[in-house]
Every structure is written in C-alpha cells, then in structure tokens.
Amino acid sequence: MRLNKLALAALTALAVGAAALPVIAQEHAAPAAGGEQHAAGGHELLAPTGGWSHEGYFGSYDTNSVQRGAKVYREVCSSCHGLKLLSFRNLGEPGGPFYEARWPNPNDNLVVKEIAAMFQIDGVDPDSGDPGKFPGKTSDRFPNPYPNDIYARVVNGGALPPDLSVMAKARHGGAGYIYSLMLGFVPPPAGLTVAPGQHYNAYFAGDTASSWSGDPRHKPPGGFLAMAPPLATDGLVTFDDGTPSTKEQMARDVATFLAWASDPKMETRKKMGVSVLAYLAILALLAFVSYRRIWRNVEH
Amino acid sequence: MSGPSTYEPKTGFTKWLDTRLPIVRLAYDSFIDFPTPKNLNYWWTFGGILAVCLVIQIVTGIVLAMHYIASTKDAFASVERIMRDIDYGWLIRNIHATGASMFFLAVYIPMFRGMYYGSYKQPREMLWILGVVIYGLMMATAFMGYVLPWGQMSFHGSAVITNLIGAIPLVGPTIKTYLMGGPAIGDATLNRFFSLHYLLPFVIAGVVILHIWALHVPGNGNPTGVSVKDAKKDTVPFHPYYTVKDGFAIVVFLIVFAAFVFYFPNALGHADNSIEANPLQTPAHIVPEWYLLPFYAILRAITFDIGPIPAKLIGVALMFGSILILFVLPWLDTSKVRSMRYRPFARQMFLGFVIASIGLGFCGANDPDTLIFKFREDKLSLNYTATTGATTSEIFDDFAAAQAKLQSLPPTAGGAIEISKSGFKWLWLSQILSAYYFLYFLVILPVLGVIEKPKPRPASIADSVRKKHGSKAKTAPAGAAAPQAAE
C-alpha cells in the first residue's frame, strides 16, 4: 500500500510536470501574426486597478463594463474593425451583457433590437429584390465595415484592421494586452524614428530595432502600428450609466467587452466545472473506499 | 495466461449463443476472470484510462464532425460557431481539444512504465510493438486534427510537417503530393486530413483489439518482472480487483481532465491558432503541440551537414528514427532481467532518459538560438570591412565608444553595431539530450545487459508481496535467485 501511494504521488507529479510543459511552451512561444511578438522580457502588461473580474476560477464578466465596452466598440472601433463571428442576438443571450430574464429569447430583447438597428446591414429588399442597406435585426451578424480586404487596406495605408471576434484569445495576455495597447500610445523616446502613417506603441507586439539609433541593447519595447490612438481623449464616448469616460475606463471596458466576445460561454463553463469537479471528487472517494474494501483481504 | 475458460452459461439463451458465437465467453475470460498479477501498482492503470480517452475522442469527434465544415473559407468560422451557437458545443469541443493532450499524457506514462519494468521483453514483444503502432497512429491523427481548425499554427505547422515528409529521399515528394492533394496546402489538403482524421481513430481501435489480444496471451507483466508461477497465489481475477482499482484511477484522471476542460481550455493550445490561417503571414515561431515537442527538438538539433548528407535530412532521419527505434527496443535491451528494480545502474540511466525526454520537450518549445543562461553581460560588436578588405569585428562595452569608432570609419567600411551575446544556447542542450536519447537505446541498454550484475529477484510474485508486508519471507538464495529462463 505504501508503495502504491508513492507511485500515485509520483504519477501526480508527472502529470503536473507534463501539464506544466505546455504552459511553459506557451510562455516562450511568441504569437506573431503580422510580425507581432509577445512583449516579453521584463515588459509587464498594464492592468486596471482592481484587476480583471473575469479571471480566476470563479471570475465572471463585469456586466456593466461589458455593456459600456459594447458602446465603445460601436462608436469607436466598429468604423474599422469587424466582429464577424458574433450576431447581435449574442448580446442578449445568457452570459451576454444585455441578457434579461424577462426576455429568455434574445430576439425579443428590446435593447438588443435597438442596438442591431443602429447598424446598417447589406440585404435585399423583399418587395423589389433590389440590394441595399437595411437596419440590422437581432439575427444579423455584426457587419464588416469594409466591402472587402483590398478596399480596407487601401483606405488604411496598406494595413488591414483585424477582425476583433476572437482578439482576446488570439493574443498573449488577452484583455490585458488589449488594455495595454489602448493606453500604450506614448510619445516615442528620443532616437526612435517613426515612419509617416505609423504610430509608436509601447505594448504592441512588434519590433523597434530597425528604427532605433541608440544602443541596440536598450531598444525601446513595443512596435509600430498603422492605427492611430483610438481612445486618445477622455470623454470620447458618453456612457449611459454615467461612468466618467476616462481613457483608462474606455480601454478597460472595451477590453472586457472583447474578452466576452472571444469567450461568451466562460461563465457557463466555470459554473459547470464546479459541479463536475465536485461530482468527480465524490466519485473518486467512493471508488477509493470500494477499492480498499475489495482488496482488504489480499496482500498486494 | 489465458488458461482454460471457466465461463459457464447459465440461461437458455446464453447456452444457445455460446455454442454459436462465444462472445460472452470471450468477454468473461478477458475482463472478468482474467488472472492478473496481484502486485500491479498504479502505473498499470493506464490501459483503462486510455480506453476511456479513445472512447471520449471518438464520441466527441463524431458530434463535432456533424457541425464542422472542411473548407479553407469556412473551417475557422465553423469551429467558432460550434463554440458559440451549438448547444454545449463549447463543452464538446473543449473536451475533444483537451482530450488530445490528455490522450498523449496517458500514453506517455505507460510507455515510460514499460521501459522501466521491461514490459517489452520476451514474451511481450508483440504487445509492445502494437503499442508503438498505436502511438504512431495517434500522432498522425493528432497532427491532422490540429490542422482542421485552420488557425495560423494549423496551417504553418502542417506546412512544416509536409515539407519534412517531402525531404525523405526518393519517395518523399510523392507522399507529400498525395498528402497535400495539390501543389500547396489548401482545400484539397483540408478535406483529406478531415477524412483521414475521421478514419484513423477506428484503425487505432482495431489495433487496440490486437493489443489487448497480445496482452491476454502472456498476461500482464508486473513490477517485479517475475513471471506468474502459480495463478492461485500470484494472481487475482481482473474483476472486481482491477476493475475497481482502474476505476479509481480513471476517476482521478478525469479530475485532471475536467480541470483543463473547464478552467484552462486554452492552456494546452497556442494563441496563434485563434488567428485564422493566412498563408502569406508566417508566425515568428512555429511550434507543434506539446506532445510533439521532443521530436521537434531532435529535428532542429542537427544544424551541421555530415559529409554529403545535408543537415535537414539528418534531422528528419533522426526525428523519425527516434520513434522507429522503439520498434526494436525489445532486441536492443540485452538484459534478461525485466524490471529495473533489480538493475541498479540501468535504473539511473533510465532516470536520465526520462529527464532527457522531458528536457527535449522544453528544447522544442524554445527558439534554439536563445540563451538558457548568459556567460557574460551582452556587449556590442562593431562589424565592418577594414581597408585591407577583411571583415573585422570589434567588441565594445560602451555604446558611445562603439559609435565613435563607427564614425571614424570611412563610409565604404559599411559598419554596423550589433548585440554580441554569449551564453548557453537551447540548441546545445537539445544536441546533448538528443545524443543521450539515442545513446540510451543504442549503447547503454545493449551494453548494460551484458556487464551489469543484477540484484537478486524474488522467487515469485507471492513471495515479493509477502516480503513487502513482512510476513514470513521465503526468498530464494541470492546468487541463484529466480533462474533467468523462468522469468
């Protein structure tokens, strides 16, 4: 029995070790779409005061923040960035920012209907068959701001604004990365040349080496984006709940909104996890007791 | 081990069936009455765990296939649709994606166990070889499955692997074309990967049946490596003794599994795979999933040509060789003693092998040229062409000094200041560990079997159990312990 326990302990250790491997792998392997790199090397991401409510085992999205973030997205980001994997109805589904118990079907949700109607969606006139733009319905997807990628590049100086549907999943740091990027448009340090049409961001996962004239060992962190600082001034958006719309507040809210958009089932998932793990723990206990009972007369 | 069947049909129907299709008898002999050594520890519980893994993957996979669209245009969005709009789709997909990692975790542990306890040795060679076949099929299945979500890592990972296969002399380019279904990775590739990803698990299931068959002829090995002498004293029936023990282990395993599914669903993946595949943008670091990292490290460890053979080909050969060598392991290990419990030196070497394997995983995850630790602080090196025409490099501590020197040079010198690093590279570690990996199989095991003097082994399983519990011991005299042939 003692040896069995040892084996079990060793097994657990091995399992933990094996589980740690991918985490370490992830730490070291940088994401790199569009020449991006994880801002590693002592360059910590910014975090809002109080941290992110959706992190941790029992964390849930701050609904008010997601609601405000939805407004920031609609009024600021949506002019260049799509959200093509989301439908308006997602906003009113359980776990969504505008879910209300009185509207179990999100298509009845008046808030969601109102938001959908603020967007113009390509469609076909049911009477004439003419193509045209129509106010969005809850079942519609968020529209792409550009007719196609080539057009998007032409009007954005060659850069394609990425779709934001899974942005928080697609960058190391998730919401923290988005928050830092929003607030990372700092004046470039002396010695750093910023090309016309480019903007220096201290948190953008890029590289500054080729534009840096100083000691290469101390090149500034971050990189250059074609995107101008989107939340450059306080008060850009007027929040419906009266929260002062400082830059930090807007950045935090839009990051929370995009975290939700990337993983709208997170709350359901964590909640179910508690019951599944509790069930398995009890089952493990019963199985162990049965094991001891069945083997009690067998030397092994 | 499969002695005379003790199954007795009781009802009229089972009697009728037993004379026509003795399937109940087969199940009874295999999973109820099957005599199993009573000294198996928890390392032996992974057979049941792996069976559970295979069933979970097949069931969740069938459901996912109902919603997945194998097209470069729609694959990424269809996976996200499963996560968002299908009822419990997020759960099924998380289980399937995490399940792949759990499957590998559950296959690596008994592989190491088999190496430690000599489970591959006579008369279980076929059992071991079939296990390696299953492992190979798992890797193929996992690789193709990872391509299906059509993220950046999916695409560029598959490009790396198909290129590797293309590097095999003679047959490589043809196999590569058949794999890709065209000149480049695209719709044709995705469709055949989907088709094969659906097929291979059933092939695995077929080989698993052979694996169980090959297990049930000689029976289970055991931690002492001593064969069963007396079924009455040494073994217990599989049911209920091992159904309950394996059952407990399965539940513990499911707890780890569930923790990942519900709390760290993305920890085992890579953020880049949440970016839709774009053939025109290559990620800065392409890394495979964690369970393939050690082989990736071996592949990248070879940076030098040997004679006329280019480095890339050697790397590919060693990478495939590192897996193929497992097939001949039963003949590379020359020791007659199965369990390393009684092989004091082999035991140390095995520990080194485990460390090397896990270490190679870390090497695979890291850029080979980054430093594990520095020999000195980073300095600056000024590289320029001297007036003599020779390429010159000067090392500076101070940036101002380097810059002053740079400005003093004529413009034709084409000087540039770079960082000069000195330290221990990941590449070197992966070379050392790869060397140990192969040395273990090709030198250490064959030689040790001849020169090592094993410790005395217990006369029987019952004996070793009795000794462990301090009951009246009846050990065989040291020198003559357990005649080799009897093992």
Side-chain angles (χ1 to χ4, degrees), chain A residues 3-4 7-8 11 14-15 17-19 21-26 28-37 57 84-87 90 162-163 165-166 169-172 214-218 262-265 268-270 272-274 276-277 280-281 283-284 287-288 290-291 294-295 298-300, chain B residues 38-39 41-43 77 80-81 83-84 90-91 94 101 105 108-109 152 236 240-241 244-245 247-248 251-252 254-256 258-263 265-268 270-272 274-275 278 281 283-285 287 290 293 358 361-362 365-367 378 380 399 417-419 465-466 468-469 471:
Chain A
L3 274 181
N4 274 344
L8 193 64
L11 189 156
L14 193 66
L21 197 62
V23 178
I24 289 153
Q26 217 185 21
H28 287 277
E36 292 185 19
Q37 267 187 353
Y57 291 98
K84 65 179 176 187
L85 298 175
L86 274 84
S87 305
N90 294 141
D163 188 88
S165 310
V166 284
K169 264 202 307 192
R171 296 290 181 277
H172 287 275
D215 188 337
R217 290 172 297 186
H218 306 299
S262 286
D263 194 1
K265 304 289 184 191
T268 324
R269 173 163 59 81
K270 288 179 178 172
M272 192 188 285
V274 175
V276 169
L277 285 175
L280 286 174
L283 192 60
F288 186 70
S290 318
Y291 158 67
I294 286 172
W295 281 78
V298 182
E299 270 192 336
H300 64 286
Chain B
K38 59 185 185 179
N39 60 339
N41 53 33
Y42 279 103
W43 300 112
E80 277 297 325
R81 185 171 169 270
M83 301 284 283
R84 290 158 190 272
W90 59 270
L91 178 62
N94 279 350
S101 285
L105 179 65
Y108 280 128
I109 294 172
Q152 274 288 69
V236 289
Y241 292 98
V244 72
K245 189 171 184 176
F248 169 61
V251 177
V252 171
L254 287 180
I255 290 176
V256 179
F260 274 104
V261 166
F262 292 102
Y263 295 101
N266 299 322
L268 299 163
H270 195 288
D272 270 25
S274 292
I275 303 169
N278 181 352
Q281 267 176 357
H285 300 285
V287 282
W290 68 269
L293 287 172
I358 295 173
F362 283 89
N366 282 286
D367 185 348
D378 291 346
L380 295 170
F399 180 63
I417 300 173
E418 281 166 15
I419 303 177
V465 169
R466 227 176 287 131
K468 190 170 108 189
H469 288 269
S471 346

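Here is the naming used below: chain letters follow the sequence lines, and residue numbers restart at 1 for every chain.
- Between B:Glu80 and A:Lys84, none of the side-chain N atoms (NZ, or NE/NH1/NH2) sits under 4.0 Å from a carboxylate O, so this pair counts as no salt bridge.
- Of all the listed residues (A:Asn90, A:Ile294, A:Thr268), the one sharing the greatest number of non-hydrogen pairs under 4.5 Å with chain B is A:Ile294.
- Side-chain contact between A:Glu299 and B:Arg466: present, with at least one pair of heavy atoms (C-beta onward) separated by less than 4.5 Å.
- From B:Arg84, atom CZ reaches atom OG of A:Ser262 across 6.5 Å, with rounding to the nearest 0.5 Å.
- Ring geometry for A:Phe288 against B:Phe248 counts as tilted: the plane angle lies between 30° and 60°, on a 0 to 90° scale.
- By the side-chain contact (heavy atoms from CB on, under 4.5 Å) test, A:Asp215 pairs with A:Arg217, A:His218, B:Leu380, B:Phe399, sequence neighbours left out.
- Note on A:Val274, A:Asp263, A:Leu85: by heavy-atom pairs under 4.5 Å with chain B, the leading option is A:Leu85.
- Between B:Ile255 and A:Leu277 the shortest heavy-atom distance is O-CD2, 3.7 Å.
- Using a 4.5 Å cut-off on side-chain heavy atoms (C-beta onward), B:Phe262 and A:Met272 make contact.
- The backbone N or O of A:Arg269 lies less than 3.5 Å from no partner atom in the side chain of B:Trp90, so there is not a single donor-acceptor pair.
- Partners of A:Pro162 by side-chain contact (heavy atoms from CB on, under 4.5 Å), not counting sequence neighbours, listed by chain and number: A:His81, A:Met167.
- Heavy-atom minimum distance, B:Val244 versus A:Ala287: CG2-O, 3.9 Å.
- B:Asp367 does not touch chain A: none of its heavy atoms, backbone or side chain, sits under 4.5 Å away.
- In terms of modelled atom types and a separation under 3.5 Å, the side chain of B:Tyr263 and the main chain of A:Lys270 share a donor-acceptor contact.
- Using a 4.5 Å cut-off between heavy atoms, A:Pro264 touches chain B through its side chain atoms alone.
- Nearest heavy-atom pair, A:Val276 versus B:Ala258, reported as atom, atom and distance to 0.1 Å: CG1-CB, 4.0 Å.
- Shortest non-hydrogen contact noted between A:Ala170 and B:Ile275 is CB-CG1, 3.6 Å.
- Both the backbone and the side chain of B:Leu254 come within less than 4.5 Å of a heavy atom of chain A.
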